Each structure stands twice: as C-alpha cells, then as structure tokens.
> 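Submitted below is the structure of interest, expressed as structure tokens.
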Protein chains: 2
Amino acid sequence: MSGAIAAPTQQLAALADDTRWAILELLGSRARSASELAAELPVSRQAIAKHLAVLEAAGLVESTREGRSVRHRAIGANLSALADRLDAIGRQWESRLERVARMAEERAGAERERG
Amino acid sequence: MSGAIAAPTQQLAALADDTRWAILELLGSRARSASELAAELPVSRQAIAKHLAVLEAAGLVESTREGRSVRHRAIGANLSALADRLDAIGRQWESRLERVARMAEERAGAERERG
DNA sequence: TTGACCTGCAACCGATCGATTGCAGGAGGA
DNA sequence: TCCTCCTGCAATCGATCGGTTGCAGGTCAA
C-alpha cells in the first residue's frame, strides 16, 4: 500500500467548471447536439464544443455522429467510478489519522500513569 | 426533483491540481506544518501556503496553531461526502438515460408490430 | 445544384492560476 | 536580550483557461 495516490486530476479538472456542469446537467437528462446546447446556454457554440472536448477526454461524455449532427450524452458510470476512488481515499485518510490520534492518546495515558 | 445540480465546483477545483494532491497525500498520513511540506515537495513554502489556503477554503484541510508553527491535516470525511454527491449525480444520469433508452426501445417495438 | 444547417479549425483576448522572490512580523530558546 | 525559525503579505511573471469572432468543410433537403 502507501505509495502514490494516482489521482484522476483530469476528470476533476473537467468537473471544476460551472459551464461544464450546466452542460452535463442537460446531457444527463437527454442527449443533445452542440448546437442544441448552445441554444440553451448563454455561451457560443464554439465554447460549448471546447467544453465537450474536455468532457469527452475525461471520459464523462460520449459522442455519436448522426447524419450531419453529433449527439452527446453523459456517462454516469464513469462519474460514479470517480466517486468511488475519492471515497476510498477519504476513508484512508480518516483511518490513518484516527490511528495516529489513538497512538497519541495511549502515549498520553502512559505518561499520566508514569508521571 | 429535476432542477439544478448544485455542484461543489470549489472542492473539485481544489482537487484538480497535482501539487495539491501531493500535499493531501502527505497530510493524509500525518499532520504537518507548511515548512515540513515545503521540505518534502519540490515547490517553495509560499506556494505550499497558497495551496493550503485553497484546500482549507474547500474544507479539505484543517489547521491548528501550535506554538510558532501551524499544523495541517486532511479531512477525509469531507472528501467522502463529496464522493457521495458525485455518485448520486452519476446514478441519476444513468437512470435517466436508461429510461430514455427503454422508451425508445418500446417505441421501436411498437413500430415493428404495427409495420 | 443550390442553399441551409451543423461541425471543425485557427487566431486572438482578458482573466485567472501556479509559482517565485523579497520583506515584515511574531514566538521560543540560548 | 538576541538570534533563530516559522508564518504572512505583496508584487511579479509566464502559462493556461474560458470565451469570442471568423472562416472552411461536409451533409441533407428542395
């Protein structure tokens, strides 16, 4: 164990933007094209396209060509997988710091008995 | 239900940086001061201090003054809470898109029967 | 074939970010 | 008291980011 945490910073960076969350919220309810998204959000279509590229690179959005348009949809399973990893790390911190606190407590108890 | 997702972008932005993950990794195993962290990582103490401010604002790190130094520790429970929220959103996407797919499937089935 | 519509590429701009250096200030030990 | 150690604030710099405008290309319908 120990060693590097191997954090999925790319996915986290993709999620650290309000406009991308607005896009994901829309794509989570129904698959849409970039133009549809641009019509529903207060940014240009090109900005949407850049955000979709980031989200797709992070594995949070999936795209399918349909005729002359491209439909995008959110991939919930990958978000849940990321959540699992974060939860595991959080629990690890908790257990480690708990153990340290317990050791300090025991040491303090011995000091009290001795002193 | 429906409505806005209310994503904790501040916490996600705090986690979207490799140096901050390196800091969290160290603080997850044992509480440390900013100077200790600077000695173990390849960045200056001031950079560490800025990162700690970001992490503390996001509720991922807790700080306690001890004499002339300040000891910082990672808060695992808050990371797990964030993970729970992400997981819930991911499952929501999955169920919604599943329902849409099922409706499309039923519609296609009816078409086949009729045609 | 022509025209409408949607995507994709490139250049550009202002703002924010990660990081550095330099200096001031406060707490403890000799 | 003096010196050392650690923190905190400010200014600065290059890089990246979110967003825009403009234009080229491809696909469908009339």
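Since this is a predicted model, take the numbers as computed values, not measurements. Below, read A as the first sequence line, B as the second, and so on, with proteins coming before strands; counting in each chain starts at 1.
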> Let me know the distance between CG of B:L12 and P of C:dC17, rounded to the nearest Å.
15 Å

> Once you apply a heavy-atom cut-off of 4.0 Å, does A:R71 come out as touching a base, just sugar-phosphate, or nothing?
nothing

> Output the rounded distance in Å from NE2 (B:H72) to P (D:dC6).
13 Å

> At their closest point, which heavy atom of B:W93 faces which heavy atom of A:A74, and how far apart are they?
CE3-CB, 3.5 Å

> Report yes or no: does A:R20 contribute a side-chain atom to a donor-acceptor pair with the main-chain N or O of A:A14 at less than 3.5 Å?
yes

> Start at the 5' end of DNA chain D and walk down; is the nucleotide closest to B:R65 or to A:D17 reached first?
B:R65

> Taking salt bridge (charged side-chain N to carboxylate O under 4.0 Å, His left out) as the test, write out the residues that go with A:R32, two or more places apart.
A:E40

> Judged by atom type as modelled, is there a donor-acceptor pair below 3.5 Å linking the side chain of A:R96 to the main-chain atoms of B:L27?
no

> Provide a list of protein-nucleic acid N or O atom pairs under 3.5 angstrom, restricted to nucleotides 28-30 of chain D.
none

> Return the minimal non-hydrogen interatomic distance between B:H72 and B:S63, and the atom names on each side.
ND1-OG, 2.6 Å

> For D:dT27 and A:S69 - does any side-chain N or O of the residue sit under 4.0 Å from the phosphate oxygens OP1/OP2?
no

> Taking the minimum atom-to-atom distance to the side chain of A:S35, which one of C:dC6, D:dT7, C:dG8 wins?
C:dC6

> Can you measure A:E36 atom CD to C:dC5 atom C1' for me and round it to whole angstrom units?
13 Å

> Expressed in angstrom and rounded to an integer, what is the separation of A:Q10 atom CD from D:dC17 atom C1'?
15 Å

> Output yes when a side-chain donor or acceptor of A:E56 lies under 3.5 Å from a complementary backbone atom of A:V61, and no otherwise.
no

> Let me confirm one number: the CZ-CZ distance from B:R71 to B:R30, rounded to the nearest 0.5 Å.
7.0 Å

> Within residues 37-64 of chain A, which residues have any heavy atom lying less than 4.0 Å from an atom of DNA chain C?
A:R45, A:Q46, A:K50

> Look only at the side chain of A:Q11 and the backbone of A:A58, and say whether a donor-acceptor pair between them is shorter than 3.5 Å.
yes

> Output the distance between atom CG (A:L86) and atom CG (B:N78), rounded to the nearest 0.5 Å.
12.5 Å

> Over how many whole Å does the gap from B:D18 atom CG to D:dT16 atom C1' extend?
14 Å

